[in-house]
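In what follows, a single structure is set out as structure tokens and then discussed.
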Amino acid sequence: MGNLRWVHLVLVAICLPIVQLLVLYFYTIPSTLTDKRRRHLPPGPRGLPFVGNLFDLSDSELVRQKAQNWFRQYGDIFYTKIGGTDYIWLSSPRAVRDLLDKKSSIYSSRSPAPFAQDVASGGKRQLFMQYGPEWRQLRKTSHSLLNMQSAIKYQPIQDYESKQLMIDLIQDPENFYEHNRRYSSSVIMYVTYGYRLPSWEHPLVKKIFSVLDNLTEMTAPGAHVVDSFPSLASLPQWLLGNWRSHAKKVFQYDSKVYLGLWRELKEKVDNGTAKECFVKGFYEQDLKKHGIDELLAAYTCGGLVEAGSETTATTLNNFILAMILFPEAAKTAQEEIDRVVGEDRMPSWDDEQNLPYVRALVKETLRWRPVNKFGMPHYTSEDDWYEGYFIPKGSVVMLNWWAIHFDPKLHHAPDTFDPARYLGKPLPAADYINTNDPYLRDHFTYGAGRRVCPGVHVAERSLYINIARTLWGFNLAKKMGANNKPIEPETEMVRGFLSVPKHFDAAITPRSEAHVQCMRREFEQEVARGGI
Ligand code: HEM
């Protein structure tokens, strides 16, 4: 009898955790046992029980190559899984158009993120916000302040900051990486709040970048288990490393920075000293009527800085890397610029129409290094079927730009940086976003459907003016090392979500003394006019 009791106890001890695991499994992981339609999920690489393809996707450096290989193996639309979340990868312009564009009312949400959005952002970050009336209202407002007409009004800011960038490159070429970051943050700070960041040491830089660092940390893949398995958020937080308390601290810090900036600006608008900027336009609207409270307003403005600064800086630094690796492209662009602009002045806004190769070079930079390492994740708010495949409600739908941009059927010799491939597509990126034929799109780096980047007009202007002026004024080449041997630049990316290049060596030298004089003269004239 005593023995039997022991056997019983041992069995319970073994079986209980198994039963608990199974309950947890069925609670968190959807399966064909509970939904027969899941037999029709798109094909894809087999994952492991519980974690799915987590380990396939955990090394952010390898994801883009895997995303291309899976596309070749499984086709335009394939499936992976992380924990309880289904991932559907759209790897052709047609699939993107058919789903993200044409069915955007159900393909425009973002996945639940208990850590990153619900607690650490107080539910207020537009970028992570689920599709619904609150997001739609914000989107309308940001569109009205970032549309083409507004972007034209911001051009003087970009013009001035770009002239300072050229001076920074003359005086301190070694630190080109930080100069591009300063340019990008300063423009977006001015567009949003009316403040410049004249140097990288400015106290506001530290403030803003501490918030950006929090954002980078919490969006790193697999950073917080509740964001990979949202259903676990209902468990006691101590089981999961006290994630809620940590997220609350992040929220307290970030909201203090953003509310501080918002309130300061409100005061300036009230006493008539605020410059023309996004916050001013935003505050002057009837926010209450639109259901926008103070915290949401503060995060919406801060969110612009998050969305617009590192994206632009990353693209400018990737442009420099491309010029060093593919000097023929730089040479062809310089020949065009010299022919159209000459030596006596820097390229201006009016030249853009006459610089098709430079325009193509901007597009090629965005194709070659799309802004993040994974693809752009949308999220379905309804069940759907596409070409016989079941796409469950609550799937992450990836715009697989690494597969599309590097598909040799669409882009000949895709690993080569060759702006000439875009000479037949002379329009701005925003025009191609709306084309009916998905194969006429230039690239997908601004996203797709209703979530497409609202800052595209501002971004494109920054890229054009700086790329044209940098190529006009400077030679970009490999740096010379010991024994006069060229140093191969680092081509890897920094850890994390964005395609930020690791610091790399580059020799950036003015093309002539005449170019230097001209850059100095044009900047001094701006300063004498009182700047912006
Ligand atoms: C080269 C620069 C930039 C690139 C490559 C870029 C790219 C993107 C992408 C891919 C998205 C997500 C689209 C999607 O979900 O399909 C996005 C969203 C966004 N971008 Fe940009 N962006 C850039 C610059 C800017 C700038 C300068 C601003 C502001 C002035 C801005 C504001 C935003 C905002 C507010 C969102 C969130 C939209 C939403 O979720 O509703 N971006 N951007």
Side-chain angles (χ1 to χ4, degrees), residues 116-129 132-147 150-151 153-154 157 161 182 184-198 202-216 218-219 247-312 453-455 458 532:
Q117 174 68 342
D118 301 350
V119 184
S121 310
K124 305 295 182 189
R125 272 196 165 92
Q126 182 182 346
L127 190 61
F128 302 153
M129 209 173 257
E134 194 176 44
W135 174 81
R136 275 201 301 270
Q137 182 55 56
L138 281 188
R139 182 76 191 192
K140 226 195 252 159
T141 317
S142 35
H143 178 72
S144 71
L145 294 166
L146 291 173
N147 63 25
S150 310
K153 280 196 234 140
Y154 300 137
I157 302 164
E161 295 293 4
R182 185 212 64 81
S184 308
S185 312
S186 191
V187 164
I188 198 69
M189 279 300 286
Y190 200 103
V191 165
T192 309
Y193 297 106
Y195 299 132
R196 290 193 63 223
L197 302 175
H202 194 279
L204 256 180
V205 172
K206 208 163 162 249
K207 228 183 203 178
I208 289 296
F209 274 83
S210 57
V211 177
L212 285 178
D213 286 346
N214 283 341
L215 184 66
T216 309
M218 66 183 152
T219 50
K248 273 186 188 155
K249 275 196 198 129
V250 173
F251 175 66
Q252 272 160 9
Y253 182 86
D254 291 0
S255 54
K256 198 168 154 211
V257 171
Y258 284 157
L259 279 170
L261 284 163
W262 168 257
R263 286 177 184 154
E264 206 175 301
L265 241 292
K266 257 172 44 175
E267 231 176 87
K268 289 193 174 190
V269 178
D270 289 340
N271 65 29
T273 57
K275 300 198 169 142
E276 277 312 313
C277 62
F278 183 95
V279 174
K280 184 166 182 274
F282 199 42
Y283 178 50
E284 283 170 351
Q285 298 189 2
D286 190 349
L287 293 178
K288 261 209 189 111
K289 190 177 127 204
H290 298 311
I292 299 174
D293 62 22
E294 190 183 38
L295 189 63
L296 182 55
Y299 264 81
T300 303
C301 300
L304 282 189
V305 180
E306 292 169 0
S309 54
E310 277 301 83
T311 45
T312 307
C453 176
V458 176
I532 40 176

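Everything quoted here is computed from the prediction, not taken from an experiment. Quick note: numbers below take in every heavy atom, side chains included, and nothing from hydrogens, waters or symmetry partners.
His290 places no side-chain N or O within donor-acceptor distance of the main-chain N or O of Ile292, the cut-off being under 3.5 Å. Under the 3.5 Å distance criterion, the side-chain polar atoms of Thr311 are matched with a main-chain donor or acceptor of Ala307. In this structure a side-chain-to-backbone donor-acceptor pair under 3.5 Å is missing from Tyr193 to Trp262. Remark: side-chain polar atoms of Arg196 are not paired, donor with acceptor, to backbone N or O of Tyr190 under 3.5 angstrom.
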Practice prompt. Show the numbers, then the answer: is there a side chain to side chain contact (heavy atoms under 4.5 Å, CB included) between Leu215 and Arg125?
Written response: CA-CA 11 Å; Leu215 184 66; Arg125 272 196 165 92; 3.7 Å; yes

Discussion item. Before you tell me yes or no, could you show the steps for Arg263 and Glu267 under salt bridge (Lys or Arg N to Asp or Glu O under 4.0 Å), namely the whole-Å CA-CA distance, both residues' side-chain angles and the distance that decides it to 0.1 Å?
Written reply: CA-CA 6 Å; Arg263 286 177 184 154; Glu267 231 176 87; over 6 Å; no

Worksheet item: Should Gln285 and Ser144 be marked as a side chain to side chain contact (heavy atoms under 4.5 Å, CB included) after you check the CA-CA gap, both sets of side-chain angles, and the distance that decides it?
Response: CA-CA 11 Å; Gln285 298 189 2; Ser144 71; 3.8 Å; yes

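Nearest heavy-atom pair, Lys275 versus Gly194, reported as atom, atom and distance to 0.1 Å: CD-O, 3.9 Å. Closest of all the heavy-atom pairs between Gly123 and Glu134 is O-OE1, 4.5 Å. When all heavy atoms are compared, the tightest approach of Tyr253 to Ser210 is OH-OG, 2.7 Å. Between Leu197 and Ser185, the shortest heavy-atom distance links the atoms CD1-CB, 3.6 Å.
In this structure, CE on Met129 lies 5.0 Å from CG on Leu296, to the nearest 0.5 angstrom. Taking NZ of Lys207 as the start and OH of Tyr258 as the end, the distance is 11.5 Å to the nearest 0.5 Å. Between atom CG of residue Leu146 and atom OG1 of residue Thr192 there is a gap of 8.0 Å, rounded to the nearest 0.5 Å. Interatomic distance, Ile188 CD1 to Glu161 CD, rounded to the nearest 0.5 Å: 11.5 Å. We find the CG-OG distance between Leu212 and Ser309 to be 5.0 Å, quoted to the nearest 0.5 Å. One distance of note links CD1 of Ile157 with CE of Met189; it measures 12.0 Å at 0.5 Å rounding.
Taking the side chain as every heavy atom from C-beta outward, Gln117 and Met218 never approach each other to under 4.5 Å. The shortest distance between side-chain heavy atoms of Val205 and Arg182 does not fall below 4.5 Å. Residues Leu295 and Ser255 meet the side-chain proximity criterion, which asks for heavy atoms closer than 4.5 Å. Using a 4.5 Å heavy-atom cutoff, the side chains of Thr219 and Phe128 are in contact. Using a 4.5 Å heavy-atom cutoff, the side chains of Tyr283 and Leu265 are not in contact. The closest side-chain heavy-atom distance from Lys268 to Lys280 is not below 4.5 Å.
Side-chain contact of Tyr299 with Asp254: a donor-acceptor pair under 3.5 Å is absent, judged by distance alone. Counted by atom type alone, Asn147 and Ser150 present one or more donor-acceptor pairs between their side chains at under 3.5 Å.
Ring planes of Phe278 and Phe282: tilted class, angle from 30 to 60°.
Enclosure of atom NE2 in His143 is not indicated, since only 12 or fewer non-hydrogen atoms of other residues, nucleotides or ligands lie within 6.0 angstrom.
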